[in-house]
Amino acid sequence: MKKPVKVAITGAAGQIAYSLIFRVASGSMLGPDQPVILQLLDIPDAMEKLKGTVMEIEDCAFPLVAGIVSTADPMEAFDGTDYALLVGARPRGPGMERKDLLSANAAIFSVQGKALSEKASRDVRVLVVGNPANTNALIAASNAKKLDPRQFTAMVRLDHNRALSQLAAKTGAATTDIEKMIVWGNHSSTQYPDISHCTVKGKPAKSLVDQAWIEKEFIPTVQQRGAAIIKARGLSSAASAASAAVDHMRDWALGTNGKWVSMAVPSDGSYGIKPGVVYGYPCVCKNGQYEIVQGLDIDAFSRARMDATDAELREERAAIEDLLK
Ligand SMILES: NC(=O)C1=CN([C@@H]2O[C@H](COP(=O)(O)OP(=O)(O)OC[C@H]3O[C@@H](n4cnc5c(N)ncnc54)[C@H](O)[C@@H]3O)[C@@H](O)[C@H]2O)C=CC1
Ligand SMILES: O=C([O-])CC(=O)C(=O)O
C-alpha cells in the first residue's frame, strides 16, 4: 500500500463537496491504490452540517480513507496538503453572472492562498472551483508567495466535458471518440469552446458539422450551460462540477497519455495572452506537470473570441487588483 496523501477540500459542507468527497474517498481521483487523508474545511456556521457529512464518510467504510480532519481553520486544513480543491464560496443564483460573485468571494481566496503558502506541501497542486474560478485562482496564487504560481489552476474542465457531450450528441459519436477539444479563457459566458482542432473518430469535427451549428448552437449552449442548470434545478451544477474536478486533478496528477484537456493556468504569453490572468488552455499532463499545447494555428474567428474572454479576465483582475499584492 502507498503512503497516504493529504487532500484538502474547502466548502466541505456544501453541495459540490457532498459529491466530490465521496469520489475522492473511493479512489476515483488518485487511483484505487492511493490512500487519502481528507482535510475538510468550512466556516464555523457550517460545522454541524459538516459533522453529518463526516459521519456519512465514516459509514462508507472506505478502504482508502486513512484519516479525516474537519475544521474551520485554513491553517489546520492545509497542513501538509498535497492536493487542494478550493470549492468553498458562495454560488450564484438565477439572473447573476459569475463575476457578480467577485467581491463576495475574493477575500476567501487571499486568506486561503496565504495559508497554503505557509502550511501546504511544497509540491501542492491547487484547483480552484469556487467562482469566479479563474480570478479566485489568480488571487490565491498571488497571495501564496512561497509557492510557484504554476501550482494554482482553475476549473474549465466542466466546460470541456460539456463541449464533448454536445459534440458527441450532434455527431452520434461517443465522448471517447473525440480528441483535441479546447476551452479557451474564462469559466464564464465569454469562454470559447473551440472545435477547430477537434477530431471525431479521427475525422476533423468541422467536416461533420456546419458553421451555423457551431456559432448558433454549440458555443452558446456550452457558454450558458451553468445558467440553464440553475434555471432547471434552482441550484447550480454540483455532481457534474465534482466530476470535472476529479477529472482535472486525476489528469494533472496521473497524466493524460498525450491527450489534450482544458485547464485554466497562469497565462505565460502563449497564444498572445499576456501574463497576468489565469486562462483556459489546451494542456497535456505528464509526470505530475502540465504543459500548454503549443503551435496551433488560430484563425480570425477564434482570435476574436480568445481576445474577448481575455479582456473579461483583465476587467475582473482590475476589480480585485488590491488583493494581488
Ligand atoms: N468552476 C466551475 O466549473 C464551477 C464552480 N462552481 C462554484 O463552486 C462554488 C461552490 O458551489 P456549491 O458547492 O454548489 O455551493 P454551496 O453553497 O452548496 O457550498 C459552498 C460551501 O462553501 C462554504 N464556504 C463559504 N465560505 C467559505 C470559506 N471561507 N472557507 C471554507 N468554506 C467556505 C459554505 O459554508 C458552503 O458550505 C460556488 O462558487 C459555485 O459557483 C459551481 C459549479 C461549477
Ligand atoms: O453556473 C454557475 O454559476 C455554476 C458553474 O460555474 C457552472 O455550472 O458552470
Check this for me, if you would: do D33 and K2 make a salt bridge, where the nitrogen-to-carboxylate-oxygen distance has to be below 4.0 angstrom?
yes
I'd like to know whether Y83 forms a ring pair (Phe, Tyr, Trp, His ring centres under 6.0 Å) with W252, so could you lay out the CA-CA distance, the side-chain angles of the two residues, the decisive distance to 0.1 Å, and finally the verdict.
CA-CA 10 Å; Y83 300 92; W252 189 3; 8.1 Å; no
Connected via hydrophobic side-chain network under 4.5 Å: L296 and F301
yes
So that I can tick it off, tell me whether R317 and E321 are bridged by a salt bridge, with the cut-off set at under 4.0 angstrom between side-chain N and carboxylate O.
yes
Are L313 and Y279 side-chain neighbours, meaning at least one heavy-atom pair lies under 4.5 Å?
yes
Would you call E312 and K99 a salt bridge, taking side-chain N to carboxylate O under 4.0 Å as the test?
yes
Using a strict cut-off of less than 4.0 Å between a Lys/Arg side-chain nitrogen and an Asp/Glu carboxylate oxygen, indicate whether D268 and R150 qualify as a salt bridge.
no
Are D307 and R303 ion-paired here, with the side-chain N under 4.0 Å from a carboxylate O?
yes
Would you mind reporting whether P193 and D159 have side-chain heavy atoms less than 4.5 Å apart?
no
Is there a donor-acceptor contact under 3.5 Å linking the side chains of Q191 and N186?
no
When you compare the side chains of E97 and S189, does any donor N or O come within less than 3.5 Å of an acceptor on the partner?
yes
Are L138 and N134 side-chain neighbours, meaning at least one heavy-atom pair lies under 4.5 Å?
no
Around atom OH of Y18, are there more than 12 heavy atoms of other residues, nucleotides or ligands at under 6.0 Å?
no
